[in-house]
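Remarks on the structure that follows.
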Amino acid sequence: MRARMGRRLLRTHLAVWFVAVWCASPAGAFDGARAQAIVDTIASDAFQGRKSGLAGGRMIEEFVALRFRAWGLEGGGTDGGFFHEFPMLVTEERSAALELLDGPYAPLAFLDGDDFVLATNSGSGNAVAEVVLAGHGVSNARRGRDDYGDLDAGGKIVAIVREEPDRVYVWEPAISRDSTLEEALRRGAAGVLWLRGERAIAGGAVHEGSYRADIPLASIGERVLGHLLAGTGYDVKRYRSELAKGPLPLATGKRIRLSADVRLVENGSARNVAGIVRGSDPLLRGETIVVGAHGDHLGIGAHGLVYNGANDNASGTAVVMELARSFAERDPRPARTIVFVVFAAEEQGLLGSRAFVADPPIDLGAVVAMMNLDVEGHGNGKTGIGGAGSFPAIWRDFRESLGASLAESLTVGRAWGGESSDHAPFRDAGIPAMSIWSDGEHRFYHTIEDDPEWVTETILGSVGRMTERWILALADWKEPLLRPHRAGRAWLADSDQVDLDGSLRRDVPPFVRGAVRWFDAGEAGSEAFLDSIGNLRARAEGSDSIAVVSSIREMRGASRGGARAVLVGLRADEGSIPRARLPLLGPLGVGIASRSSREGEFDLESFCNQGIDVLLPHEAGRRPALPAGARAYVRFFPGQGEEIAEPDSFPRGSVLFLASLEAGADPRLVARAIRRLDWDRVHLDLVPWIALRNDEEGIAIFLEELRDAGGFEPREMRALLGENLARW
């Protein structure tokens, strides 16, 4: 086992070390060398992998609080201190074994840490049983999927492939570790194995509501699954391939022994650490920017090796700490107040940030933005900033202020989706949230090789200085940033809107990612048509502000760098397309074809066979005759009383409903329409409202009222405003 150090000895060592390093350095500016020194310390074996709730977790908490206090930050935790403590499920892995008992290579002991790893919060036990494969582990009658079928899981060890069954539905949380575990236990499983990728991935957590102290749980790699499939007629590749077509329950006929010794820590808890740099402007200091990173990692595995987590996320912690020091020593300090937080228990399910938002030690109503730094130690030297769309004017000025050379080192994106890191609870609370990361390749994810020697001072410095500039741009903006209806504004800013009618000509909001450039069908193949497409592509090649795309769902990616996407479309209401020209439309770049309620020639099959999307009116009524693999948008205006007559007749996975809204739409009427169609197959089209009256506050109010009227969860609102469009 790697070396461990007692807490008292560690604190003595650090006190001496910091006197030598920190006192000799200039104040008031981000320093990559200082950040590297922090990574070298907290990602050493002495911190025991920084697992929240255990000794290593306490070490990182005390380390951060000690430095915040020394740098002169105010306490941002409970009762004015630096700590914000919360209860949590805490377990400590002691030993584990996985052994194949049947088959041509049996007995075969698999390697802990490579072939398999215990799930975080596995129970203890010694399960000896046959392994049965339950596909994706989903049993959902409403969605017509049962991965178990007639499979008998009672007393067996259930193996599950943790992937989405298809893109027809949004499968979270049904495919989550907790949900699939609960389904397996309901069927009497003696243990559960999850396969996610080629190798076993450490750190997958089971949460308190699903925890069973007597059931061993593990993540496995493809080598283990390959041995389990031997003699069944499947290998890993073929099983995955067949599973993509539908449920494939399978009894392997092979027994394994899965054993785990895991200690449950009574009255477990962890602590976020928060420090405040108070703003200097009497009028703006009441507005707050939160800058955070998770300080925890995976601890020491059952195999006795330390997961040091240098890149994930000692690097983000070091950048946040160095930013805290630089802003605390800055004279004058920024206008707005900045709260620096190092979160605990991110690796166990964002527990620290969720606790911070649920029981905040600061006034969340005063928070104008949250910036989250995760994985900042590897990459290509560029800094990624996602989610700045909530502040378009500041973002525009910030990017212009960088100059050409610095602008080249900035990658623009959006905040990470799903529940991927500690910005998510803030985002779900309606606070504009941003992800900041080092762009490029990140190696050694959740392995014991994620050590400090692979983190570079150059990368840390690049990310830190760019983040410092962006924080200053927000913190010193002269006008108030707190405005009413913060949640609705944040949803709108992060939404994906498409100008289907090509009606927006000027003052186009940044959340309108692109527009359709329509041509009448009779023009197809004409010289004017070819010239227009050629000119469009030439403009795009010579400009960073325009991108020509081939489908609506490509607009999201094209807009990442600030470009406005253009999609070529054909209206088939008047005129007809000569059949000889139909095969040319796809190669010419036509991406969508439309028909209104009026009659006109509309060769669905020819369009769809070329990969051209079709836009249909709500009067399409019953299921259109779409070829396999076709994509159609069915547009309706619920605010005008339009509705889809027979929604179940439209094939899932081939049709997305576009609920187009105009100013003054009734949120109750729209919520009812969405619930009738299902939230995961509807996109809210707000462009007609914007075209008539660019009233962002009115739309923000509407979105909040829609959430309340329909009882929509944050993830459902995100789906309605863009995720469905991207997924579909």
Side-chain angles (χ1 to χ4, degrees), residues 1-4 43 45 48-51 56 91-128 131 133 157-163 177 191-206 216-230 235-237 239-240 252 254-262 297-313 347-348 375 378 441-454:
M1 180 182 296
R2 298 187 182 186
R4 302 187 187 184
D45 290 354
Q48 302 179 25
R50 309 188 307 281
K51 184 174 180 180
T91 59
E92 182 179 21
E93 298 173 13
R94 290 172 166 172
S95 66
L98 181 66
E99 184 179 13
L100 180 69
L101 301 179
D102 300 308
Y105 298 101
L108 175 61
F110 292 110
L111 182 61
D112 184 6
D114 188 7
D115 294 322
F116 80 100
V117 288
L118 290 184
T120 301
N121 299 331
S122 167
S124 292
N126 185 45
V128 178
V131 177
L133 270 68
I157 294 174
V158 176
I160 294 167
V161 178
R162 279 208 65 214
E163 296 169 353
R177 194 173 286 101
V192 178
L193 306 173
W194 289 282
L195 176 100
R196 191 66 179 266
E198 182 179 352
R199 64 173 181 82
I201 300 175
V206 170
L217 312 168
S219 167
I220 60 172
E222 290 185 352
R223 179 170 178 262
V224 175
L225 182 60
H227 279 283
L228 293 172
L229 287 170
D235 57 17
V236 174
K237 183 178 180 180
Y239 184 80
R240 283 183 182 272
T252 67
K254 297 181 183 63
R255 293 172 305 133
I256 64 170
R257 179 175 68 88
L258 172 61
S259 65
D261 181 9
V262 180
H297 198 52
L298 307 181
I300 301 173
H303 40 64
L305 300 177
V306 182
Y307 290 90
N308 281 322
N311 185 45
D312 182 19
N313 186 36
E347 301 289 7
Q348 283 131 295
V375 295
H378 301 170
E441 181 187 9
H442 289 265
R443 298 167 290 162
F444 312 131
Y445 174 73
H446 283 202
T447 72
I448 60 171
E449 294 180 81
D450 187 5
D451 285 329
E453 51 261 44
W454 315 121

| message | Checking the side chain of Lys51 only, and the main-chain atoms of Glu347 only, is there a donor and an acceptor separated by less than 3.5 Å? | response | no
| task | Could you tell me whether the side chain of His446 and the main chain of Ile201 form a donor-acceptor pair under 3.5 Å? | result | no
| request: Check whether any side-chain heavy atom of Tyr307 sits under 4.5 Å from a side-chain heavy atom of Val117, and report yes or no. | output: yes
| task | Output the distance between atom CG (Leu298) and atom CD1 (Ile448), rounded to the nearest 0.5 Å. | result | 12.0 Å
| Which atom pair, heavy atoms only, marks the closest approach of Ala159 to Val131? | CB-CG1, 3.9 Å
| query | Is the shortest heavy-atom distance from the side chain of Leu133 to the side chain of Leu229 under 4.5 Å? | reply | yes
| field | Whether over 12 other heavy atoms sit under 6.0 Å from Glu453 CD | value | yes
| message | Checking the side chain of Asn311 only, and the main-chain atoms of His442 only, is there a donor and an acceptor separated by less than 3.5 Å? | response | no
| query | Does Asn121 reach the main-chain N or O of Ala205 with its side chain, forming a donor-acceptor pair under 3.5 Å? | reply | no
| field | Side-chain donor or acceptor of Lys254 paired with backbone N/O of Asp102 under 3.5 Å | value | no
| message | I need the minimum non-hydrogen distance between Glu163 and Arg196, along with the two atoms involved. | response | OE2-O, 4.2 Å
| remark: Rounded to the nearest 0.5 Å, the NE2 atom of His303 sits from the CG atom of Leu118 at a distance of 8.5 Å
| query | Does a side-chain heavy-atom distance below 4.5 Å link Leu98 with Asp115? | reply | no
| request: Please answer whether the main-chain N or O of Pro216 pairs with a side-chain N or O of Ser122 as donor and acceptor at a distance below 3.5 Å. | output: no
| query | Roughly how far apart are Tyr445 OH and His378 NE2, rounded to 0.5 Å? | reply | 14.0 Å
| query | Side chain of Arg50, backbone of Gly309: donor and acceptor closer than 3.5 Å? | reply | yes
| query | Do Ile220 and Phe110 have side-chain heavy atoms sitting under 4.5 Å apart? | reply | no
| request: Can you label the angle between the Phe444 ring and the Trp454 ring as parallel, tilted or perpendicular, going by 30° and 60°? | output: tilted
| Option from Leu108, Val128, Ile256 for which side chain to side chain contact (heavy atoms under 4.5 Å, CB included) with Leu101 holds | Val128
| Gap between atom OG of Ser124 and atom CZ of Arg94 - 0.5 Å precision | 8.0 Å
| said: Tell me the closest heavy-atom pair linking Ala200 and Phe116, and the distance in Å. | reply: CB-CA, 3.6 Å
| request: State, to 0.1 Å, how close Gln348 and Thr120 come at their nearest heavy-atom pair, and which atoms those are. | output: CG-CG2, 3.9 Å
| message | On a heavy-atom basis, which atom in Ile157 and which in Leu258 lie closest, and how many Å separate them? | response | CD1-CB, 4.1 Å
| message | Checking Asn308 against His297: is there a side-chain donor and acceptor pair closer than 3.5 Å? | response | no
| query | Taking all atoms of both residues into account, what is the closest heavy-atom pair of Leu100 and His227, and its distance? | reply | CD2-CB, 4.0 Å
